[in-house]
Amino acid sequence: MNNNLKALIAACDALGVPYTRHHASQNLVLVDAGGARHPFVNWSTPLNSHAIARLCEDKEYFQTLFGAVVRMPRAKGYLTPYCAERFAPYLQHQTLHDIIDDMERQFPYPFIVKKNRGASGDKVFLVRDRRQLESSLMAIFNPADAGSDYLCLAQERIDIVQEYRAVFVDGELVLCYRKALDDAAYAGNLSPLHWSGARAIVEEDAATVARIGAFCRPLFETLMIPFCGLDIALARSGELVLIETNASPGFDKVMDDCGMEPVKRVYLQILAHLTGGETQDRFA
């Protein structure tokens with residue numbers, strides 16, 4: 001059973017909410033709440049619709065919808081020139097070198113290139129010259145690689161001082177932790193918590209938590225995402241920037257470093273959503 005579901009069960013036990021575990025892995029849990037049965041499958045909760053989950057997964061769509069209401073890195077999407085013929089009408093650049101030329105016109109080096117649908121820092125590259133850019137695009141668009149994508153994003157590089165993960169239920173901030181790199185070393189993945197020695201630390205500073213909550217509020221006023229984890233960066237300029245969104249955030253690292261209680265509070269709020277009730281464990 002994964003850590004997310006262990007925290008769910010701890011929350012169910014605390015509130016006396018009935019549940020049943022299924023499958024040999026026990027990574028399928030049915031929760032009886034609010035007069036209905038709700039499936040929790042691996043890292044997914046029943047709060048988000050399929051459309052909301054897909055919106056959060058597709059970085060270009062997400063930026064198109066929310067880029068005007070919350071600061072995000074400037075980005076542009078590019079369809080692979082190796083796409084199937086039925087997608088050819090969407091092609092704006094016919095060759096890889098056409099894409100590279102356009103990226104170089106749009107973004108000064110260094111900048112970020114990433115697959116459009118990805119998580120955990122998979123196929124996210126910081127490119128400093130044309131050679132690195134070409135090799136990164138070939139990795140993202142490689143049709144022989146199951147982890148490839150048909151769409152990539154070029155994205156401005158943000159000079160990040162500190163990165164946070166903010167977890168929201170019904171637009172309320174219920175867990176905020178910072179990704180501490182004080183004694184960490186880069187280990188080949190740009191995602192901070194994949195660095196060797198990186199730690200997750202629950203953010204206790206009320207002013208920081210309030211600022212992050214206020215920064216994210218316009219997103220939920222535009223469209224409610226019932227459950228999500230937002231990666232928020234504090235830039236050297238002093239501004240906050242939304243880097244990534246995850247509709248099924250995992251909690252392994254924060255549980256390893258901070259224990260189960262912070263994540264259990266998240267699931268208490270999820271259960272409150274399902275039962276129509278209110279818990280006393282709201283983070284902010």
Side-chain angles (χ1 to χ4, degrees), residues 3-4 6-8 10-11 14 43 45 47-48 52 56 62 66 69-73 119-121 158 160-184 190-195 197-273 278-284:
N3 280 328
N4 283 34
K6 290 176 183 177
L8 165 67
W43 293 269
T45 76
L47 273 65
N48 293 327
I52 289 290
C56 292
F62 194 91
F66 296 110
V69 299
V70 63
R71 169 73 166 102
M72 300 171 68
S120 302
I158 303 297
I160 297 174
V161 175
Q162 179 62 63
E163 188 171 322
Y164 302 87
R165 166 60 63 90
V167 180
F168 289 83
V169 177
D170 293 332
E172 295 288 341
L173 182 54
V174 294
L175 172 62
C176 181
Y177 60 89
R178 64 182 184 272
K179 303 175 182 183
L181 300 177
D182 300 345
D183 301 310
L190 291 175
S191 182
L193 288 185
H194 288 82
W195 290 33
R199 294 177 299 138
I201 301 176
V202 173
E203 182 55 65
E204 302 288 354
D205 181 71
T208 298
V209 173
R211 184 186 180 195
I212 290 173
F215 168 76
C216 297
R217 190 169 300 123
L219 185 153
F220 299 103
E221 292 171 348
T222 301
L223 178 68
M224 179 53 66
I225 301 174
F227 179 53
C228 62
L230 305 181
D231 289 333
I232 310 295
L234 173 63
R236 196 165 299 280
S237 64
E239 66 180 340
L240 294 177
V241 183
L242 173 58
I243 302 295
E244 293 282 354
T245 304
N246 193 323
S248 301
F251 296 110
D252 287 350
K253 185 61 176 174
V254 71
M255 287 179 67
D256 287 345
D257 293 343
C258 306
M260 182 180 287
E261 282 305 308
V263 181
K264 177 181 170 184
R265 289 198 296 268
V266 172
Y267 281 96
L268 288 170
Q269 283 302 126
I270 290 174
L271 293 174
H273 171 106
E278 190 75 26
T279 78
Q280 300 301 311
D281 295 87
R282 193 174 291 276
F283 185 90

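Quick note: numbers below take in every heavy atom, side chains included, and nothing from hydrogens, waters or symmetry partners. When a residue number appears, it is its place in the shown sequence, counting from 1.
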### Glu261 side chain near Val202 side chain, heavy-atom distance below 4.5 Å
no

### Query
How long is the gap from CD1 on Ile52 to OG1 on Thr245, to the nearest 0.5 Å?
11.0 Å

### Message
Between Ile232 and Leu242, is there a side-chain heavy-atom distance shorter than 4.5 Å?
### Response
yes

### Message
A side-chain contact here means heavy atoms from C-beta on lying under 4.5 Å apart; do Leu8 and Tyr267 qualify?
### Response
yes

### Message
The test is side chain to side chain contact (heavy atoms under 4.5 Å, CB included); show your working for Arg211 and Leu234 and say whether it passes.
### Response
CA-CA 11 Å; Arg211 184 186 180 195; Leu234 173 63; 3.7 Å; yes

### Message
Any non-hydrogen side-chain atom of Pro249 less than 4.5 Å from a side-chain atom of Trp43?
### Response
no

### Query
Closest approach of Pro73 and Ile243, non-hydrogen atoms and distance?
CG-CD1, 3.9 Å

### Query
Are there more than 12 heavy atoms of other residues, nucleotides or ligands under 6.0 Å from atom CG of Asp205?
yes

### Task
Taking the side chain as every heavy atom from C-beta outward, state whether Gln269 and Glu172 have any atom pair closer than 4.5 Å.
no

### Task
For Ala200 and Cys258, work out which heavy atoms get closest and say how close.
O-SG, 3.1 Å

### Arg199 side chain reached by Asp182 side chain, heavy atoms, under 4.5 Å
yes

### Task
Might you work through the salt bridge (charged side-chain N to carboxylate O under 4.0 Å, His left out) test for Asp231 and Lys179, ending with a clear yes or no?
CA-CA 10 Å; Asp231 289 333; Lys179 303 175 182 183; 2.9 Å; yes

### Query
With no hydrogens and no angle check, is any side-chain donor or acceptor of Asn4 less than 3.5 Å from a backbone partner on Phe251?
yes

### Query
Any side-chain heavy-atom pair from Tyr177 and Asp257 closer than 4.5 angstrom?
no

### Task
Considering non-hydrogen atoms only, spot the tightest contact between Gln162 and Ala180 and give its length.
NE2-N, 4.3 Å

### Nearest atoms (heavy-atom pairs only) where Ala198 meets Leu193
CB-CA, 3.9 Å

### Message
Any side-chain to backbone donor/acceptor pair from Lys264 onto Ala14? Under 3.5 Å, distance only.
### Response
no

Side-chain donor-acceptor pairs under 3.5 Å in residues 215-227, sequence neighbours left out?
unit_1, atom_1, unit_2, atom_2, d
Thr222, OG1, Pro218, O, 2.8

### Rounded distance (nearest 0.5 Å) linking atom CG of Asp170 with atom NE2 of His273
5.0 Å

#### Entry: Ile212 to Cys176 - nearest heavy-atom pair and separation
CD1-SG, 3.8 Å

## Note on the structure
Shortest non-hydrogen pair, Asn246 vs Arg165, comes out as CB-NH2, 4.5 Å

### Query
Are any non-hydrogen side-chain atoms of Arg71 and Ile158 less than 4.5 angstrom apart?
yes

